[in-house]
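This report concerns only the one structure given below.
Protein chains get the first letters and strands the later ones, always in sequence-line order, with residue 1 at the start of each.
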Number of protein chains: 2
Amino acid sequence: MSLRHAVLGFLSLKPLTGYDLKKYFDGSVGHFWNADQAQIYRALTQLTEDGLVHVRVVPQEGRPARREHHLTDSGRAELDAWLRAPAGPQAVREPFMVQVFFAGRLPVAETTALLDARIAATRERLGVLRAIAAQSATALDAIADTDTTGTGTTASGAVPSALDRLLATATLENGIRHLTAELDWLRDLRTDLDDLHAAPARIRRRLDRAVSDGHAHHPGQDA
Amino acid sequence: MSLRHAVLGFLSLKPLTGYDLKKYFDGSVGHFWNADQAQIYRALTQLTEDGLVHVRVVPQEGRPARREHHLTDSGRAELDAWLRAPAGPQAVREPFMVQVFFAGRLPVAETTALLDARIAATRERLGVLRAIAAQSATALDAIADTDTTGTGTTASGAVPSALDRLLATATLENGIRHLTAELDWLRDLRTDLDDLHAAPARIRRRLDRAVSDGHAHHPGQDA
DNA sequence: CGCCCATATGAGACTTGTCATATATTGGAT
DNA sequence: ATCCAATATATGACAAGTCTCATATGGGCG
């Protein structure tokens with residue numbers, strides 16, 4: 001869906017090859033949008049067919065010719081229209097939550113182990129984002145800096161404005177906030193599990209009974 | 001991928017028809033996993049082919065026969081194995097962040113309008129989750145309560161344990177935390193945008209120059 | 001010599017989403 | 001009385017999107 005538009009977005013900054021795009025994706029929007037190389041190339045092909053992009057082939061010494069993709073006017077129009085359109089509700093899809101939801105089948109020890117693993121992984125991802133934020137070179141700078149044209153014509157690589165920086169930083173911050181929230185949640189859940197587990201079996205049975213009150217008794221996870 | 005496993009998870013609670021499953025999905029894991037009816041039926045077909053599930057047809061007066069899907073032993077084994085397996089890194093995919101990232105092309109007023117819309121939508125979703133949490137009837141209870149069998153044999157609908165409740169509640173809480181984080185972030189961004197916009201044009205230009213220092217000047221969004 | 005970088009393309013499997021449709025019964029509206 | 005709507009139940013077909021894997025070229029570098 002919006003892979004196309006992300007591509008258009010980058011091309012609005014400056015003309016790029018599929019190869020460039022792949023790198024920029026990984027380097028700047030990688031936290032919230034992953035793009036496979038094949039996908040990018042296919043998107044470019046389609047966009048070209050649809051007339052939103054046109055290709056200029058720039059021969060090079062030694063390397064394969066750059067197939068530079070430039071935005072056309074309709075491409076720019078399409079991008080702006082999309083940017084204006086309020087995004088529909090995005091489909092949520094969290095396999096890990098499914099695991100948690102049904103984790104009652106496992107012995108508690110295994111569940112806490114899974115949580116710990118998840119905590120570690122989340123902390124790691126958070127570290128990565130924090131590191132990027134700390135060096136504070138917005139991905140935009142990387143894009144503006146690299147003179148891919150070789151022609152000396154840096155006209156297309158405009159310097160990012162304060163607004164652009166703010167927005168780019170904000171997307172990073174968004175990732176950080178979500179990861180932080182996730183981490184907090186994981187730790188709280190971890191604690192709750194421990195508390196539940198710490199209560200000796202007899203009390204736990206009483207709890208179960210109190211809570212379900214009047215129904216048949218449940219097998220229980222005491223294994 | 002894990003639609004299959006979510007289905008297995010529900011079937012481990014009690015045997016269900018595709019129709020039941022659809023309702024349970026919507027009612028309990030709907031916040032973090034959306035499932036289309038056709039998808040569920042397709043998953044059931046596959047699971048049956050793979051021998052993880054077997055169907056018992058229960059004729060009914062007046063209604064179409066219930067095709068009850070029961071977990072087989074290998075089904076249970078598969079479910080447990082999956083629950084134990086640490087989830088791989090999930091692909092992030094946030095169209096809205098893409099919009100934000102490139103929103104610099106729009107006049108600031110439009111961007112803030114988009115943000116406001118997003119704030120409203122997020123608050124709404126948050127309200128829904130909070131309401132569910134407040135009535136505190138875990139989705140599990142709904143599943144246990146409904147006597148779908150009609151046979152009077154309530155044996156399969158086991159009462160959820162304290163652990164099960166904790167986990168179900170936790171997944172809800174997870175959604176709430178993330179939405180809250182999102183909301184905070186949106187508001188902060190909103191404020192930052194206002195601040196930037198509030199600075200008179202001359203100062204803003206100075207800011208831009210200070211920040212980019214030595215490069216060509218950027219067109220700017222003063223429209 | 002062999003591997004990596006820059007650059008690009010293709011085939012095929014699989015997942016998802018969307019839409020349409022079928023049947024039988026109960027319960028309300030006209 | 002009759003008809004429509006809703007409920008409970010289930011399928012089929014197809015478009016669109018994604019992922020994965022494989023492959024090709026030609027120069028630079030260790």
Compare the minimum distances between each of D:dT18, C:dT7, D:dA10 and the side chain of A:Q39, then state the nucleotide with the smallest one.
-> D:dT18
Take the protein atom CD of B:E49 and the nucleotide atom P of C:dC14, then report the distance between them rounded to whole Å.
-> 13 Å
CD of B:E68 versus P of D:dT9: gap in Å, rounded?
-> 10 Å
Reckon A:T17 has a side-chain N or O less than 4.0 Å from the OP1 or OP2 of C:dA8?
-> yes
Can you tell me the distance, in whole Å, between the NZ atom of A:K22 and the P atom of D:dC19?
-> 10 Å
How close or far is atom C1' of C:dT16 from atom CG of B:N34, stated in whole angstroms?
-> 11 Å
B:R66 side chain N/O closer than 4.0 Å to the phosphate oxygens (OP1, OP2) of C:dA24?
-> no
Length of the line joining A:R56:CZ and C:dT7:P, which is rounded to integer Å = 16 Å
Take atom NZ of B:K23 and atom P of D:dT7, then tell me their distance rounded to the nearest Å.
-> 10 Å
May I ask you to say what A:R67 touches in the nucleic acid, namely base, sugar-phosphate or nothing, with a heavy-atom cut-off under 4.0 Å?
-> sugar-phosphate
Distance in angstrom units between B:Q37 CD and C:dA22 C1', rounded | 13 Å
Between C:dG17, C:dA8, C:dT18, which nucleotide gets closest to the side-chain atoms of B:D36?
-> C:dT18
What salt bridge (Lys or Arg N to Asp or Glu O under 4.0 Å) pairs are there with at least one residue in residues 32-58 of chain B, not counting sequence neighbours?
-> B:R4-B:D50
Assert yes or no for the condition that the ring centre distance of B:F32 to A:F96 is strictly below 6.0 Å.
-> no
Please check the phosphate of C:dA6 (OP1 and OP2 only) for any side-chain N or O of A:Y19 closer than 4.0 Å.
-> yes
Kindly state whether the ring of B:H178 and the ring of A:H178 have centres lying under 6.0 angstrom apart.
-> yes
Other residues, nucleotides, ligands: >12 heavy atoms within 6.0 Å of B:R177 CZ | yes
Qualifying salt bridge (Lys or Arg N to Asp or Glu O under 4.0 Å) pairs with a residue from residues 79-94 of chain B, counting only residues at least two apart or across chains = A:R105-B:D80, A:E110-B:R84
Shortest side-chain distance from B:A38, nucleotide among C:dA8, D:dT9, C:dT18 | C:dT18
Of all the nucleotides listed (D:dC19, D:dT11, C:dA8), which has the minimum atom distance to the side chain of B:Y41?
-> D:dT11
Which nucleotide in D:dC19, C:dT7, D:dT9 has an atom nearest any side-chain atom of A:R42 = D:dC19
From CG of A:D26 across to C1' of C:dA6 the rounded distance in Å is 15 Å
